[in-house]
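Below is one structure, written out as structure tokens; the observations come after it.
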Amino acid sequence: MPISPLHAPVLAWYAEHARDLPWRRPDATPWGVLVSEVMLQQTPVNRVLPAYAEWLERWPTPSALAADTPGEAVRQWGRLGYPRRALRLYAAAHTITERHDGAVPASYDDLRALPGIGDYTAAAVASFAYGQRHAVLDTNVRRVLTRVVDGVRYPPTATTARERRTAQDLLPDAPATAARWAVAVMEVGALVCTAAAPRCDSCPLYRECAWRQAGRPDHDGPPRRRQSYEGTDRQCRGRLLRVLRESDGAVPKARLDAVWPDPVQRERALDTLVADGLVEPLARGRYRLPTGVAAVVPSG
DNA sequence: AATGCGTGGAC
DNA sequence: TGTCCAAGCAT
């Protein structure tokens, strides 16, 4: 789309209100952008900030990470959550080192082929790190466009073809402008057009927004299902892995048994951690974070 | 396509 | 205080 009435207010707002985040600074490398995007998958900015700095200080390049062990990546990941991301980022560093001469690829397709990099992250890195023109469709952008364009409070559960078409159609023609637009819409969603308590009075799209014009109607339809957490395998996995993260070397199984009372669930959770490559079983009932690349890095 | 996958802060 | 939420991905 050459020009949309949405562009100017969003770009002007961003110029004034954008947060000074380290992965947006001019000295941020494509590797830094990639690391930030993976960390930001389901983890809030405030918790990513220190983890990002420590990660890049330790592993300033993909090849530096690839030279370490997957277990160290999991340990350094700390409490960001969803530790399989650490494993996939480690595997991505190997792929980048071996197939891309150590440079984070610039093409969407090459990025998309990396482990742990889906549609959103591939578009985000291509756009933010390399200034390309892509529809960057994350939960923030989906929410903003659903409200502004469709006049509906929340986007559908799963991303639809129509949403992709809308986002694509709204992209400015010039790649640099499209990249700025992408990050700017995301920022509006993160700071103003938030999920629970949108600040419409401060919104650059106040006038244009169909949802605001309609009087901010509530969401109709079936109530949104949330996954429970207390007592789940996920919680159990989290406790087990925390023991290993915070221990040097191998840990006797008794240490793991101590953090979860139900033995059936505990064994199941431990099995899935091993299957995921997050935990390495050793002889005589000992366990540790993984040390070998074979189970983690895709071959071919 | 619906699920499983961590963690902690905000209210 | 329990519920909701936070720049998704893989299967």
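Quick note on labels: first sequence line is chain A, next is B, and so on, each numbered from 1.
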Residue from Arg47(A), Met39(A), Gln41(A) passing side-chain contact (heavy atoms from CB on, under 4.5 Å) with Thr43(A) | Arg47(A)
Arg239(A) has an atom CZ; how far is it from atom P of dG6(B), in whole Å?
-> 14 Å
Taken to the nearest whole Å, OH/Tyr229(A) to P/dT3(C) is 16 Å
For Ala73(A) and Leu65(A) the tightest heavy-atom approach is CB-CD1, 4.2 Å
For DNA chain B, which residues in residues 176-184 of chain A have a heavy atom at a distance below 4.0 Å?
-> none
Nearest-Å distance, CG (Leu111(A)) to P (dC9(C))?
-> 12 Å
Within the modelled atom types, does a donor on one side and an acceptor on the other bring the side chain of Arg234(A) and the base of dG4(B) under 3.5 Å apart?
-> no
What nucleic acid atoms does Thr121(A) come within less than 4.0 Å of, heavy atoms only: base, sugar-phosphate, or nothing?
-> sugar-phosphate
Round to the nearest Å and state the distance from Leu241(A) atom CG to dT7(B) atom P.
-> 7 Å
Arg143(A) side chain: which of dA6(C), dC9(C), dC5(C) is closest?
-> dA6(C)
Mind checking the C1' distance from dA2(B) to dA7(C)? Whole angstroms is fine.
-> 22 Å
Do the numbers put Arg212(A) on top of the ring of Tyr206(A), so that NZ or CZ is under 6.0 Å from the six-membered ring centre and no more than 45° off the axis?
-> yes
On DNA chain C, more 5' by nearest nucleotide between Gly116(A) and Ala196(A) is Ala196(A)
Taking it one step at a time, do Tyr120(A) and Val125(A) satisfy side chain to side chain contact (heavy atoms under 4.5 Å, CB included)?
-> CA-CA 9 Å; Tyr120(A) 161 74; Val125(A) 173; over 6 Å; no
Think Arg88(A) has a side-chain N or O under 4.0 angstrom from the OP1 or OP2 of dA10(C)?
-> no
Round to a whole Å and report the spacing from CD of Gln235(A) to P of dG2(C).
-> 13 Å
Separation of dA10(C) P from Leu87(A) CG (nearest whole Å) = 13 Å
Does Arg24(A) pair with Glu187(A) as a salt bridge, N-O distance under 4.0 Å?
-> yes
Of the listed nucleotides dT7(B), dA7(C), dG6(B), the one nearest the side chain of Arg79(A) | dT7(B)
Looking for any heavy atom pair under 4.0 Å, which part of the strands does Leu80(A) touch: base, sugar-phosphate only, or nothing?
-> base
Quick one: label Arg19(A) by what it contacts on the DNA or RNA (base, sugar-phosphate, nothing), any heavy atom closer than 4.0 Å.
-> base
When rounded to whole Å, the OH to P distance for the pair Tyr90(A) and dC9(C) reads 22 Å
Base, sugar-phosphate, or nothing for Leu21(A), non-hydrogen atoms under 4.0 angstrom?
-> base
Sequence neighbours excluded, the answer for side-chain hydrogen bond (donor to acceptor under 3.5 Å, both in side chains) partners of Thr139(A) is none
Which ones in residues 37-62 of chain A lie close to DNA chain C, meaning a heavy atom under 4.0 Å from one of its atoms?
-> Glu37(A), Leu40(A), Gln41(A), Gln42(A), Pro44(A), Val45(A)
Round to the nearest Å and state the distance from Glu230(A) atom CD to dC4(C) atom C1'.
-> 15 Å
Could you say whether Gln227(A) or Ala158(A) is positioned toward the 5' end of DNA chain B, judged by the nucleotide with the nearest heavy atom to each?
-> Ala158(A)
Taking the six-membered ring for Trp, are the ring centroids of Trp55(A) and Trp77(A) within less than 6.0 Å of each other?
-> yes
Any chance you could lay out the salt bridge (charged side-chain N to carboxylate O under 4.0 Å, His left out) test for Glu72(A) and Arg58(A), step after step, and finish with the verdict?
-> CA-CA 11 Å; Glu72(A) 283 310 299; Arg58(A) 182 170 182 181; 2.7 Å; yes
Is there a side-chain polar atom (N or O) of Arg245(A) under 4.0 Å from OP1 or OP2 of dT7(B)?
-> yes
Salt bridge or not for Glu208(A) and Arg147(A), using N-O below 4.0 Å?
-> no
Check the angle between the aromatic planes of Trp23(A) and Tyr52(A) and answer parallel, tilted or perpendicular using the 30° and 60° thresholds.
-> perpendicular
Identify whether any heavy atom of Trp77(A) sits under 4.0 Å from a base atom; if not, whether one sits that close to sugar-phosphate; answer base, sugar-phosphate or nothing.
-> nothing
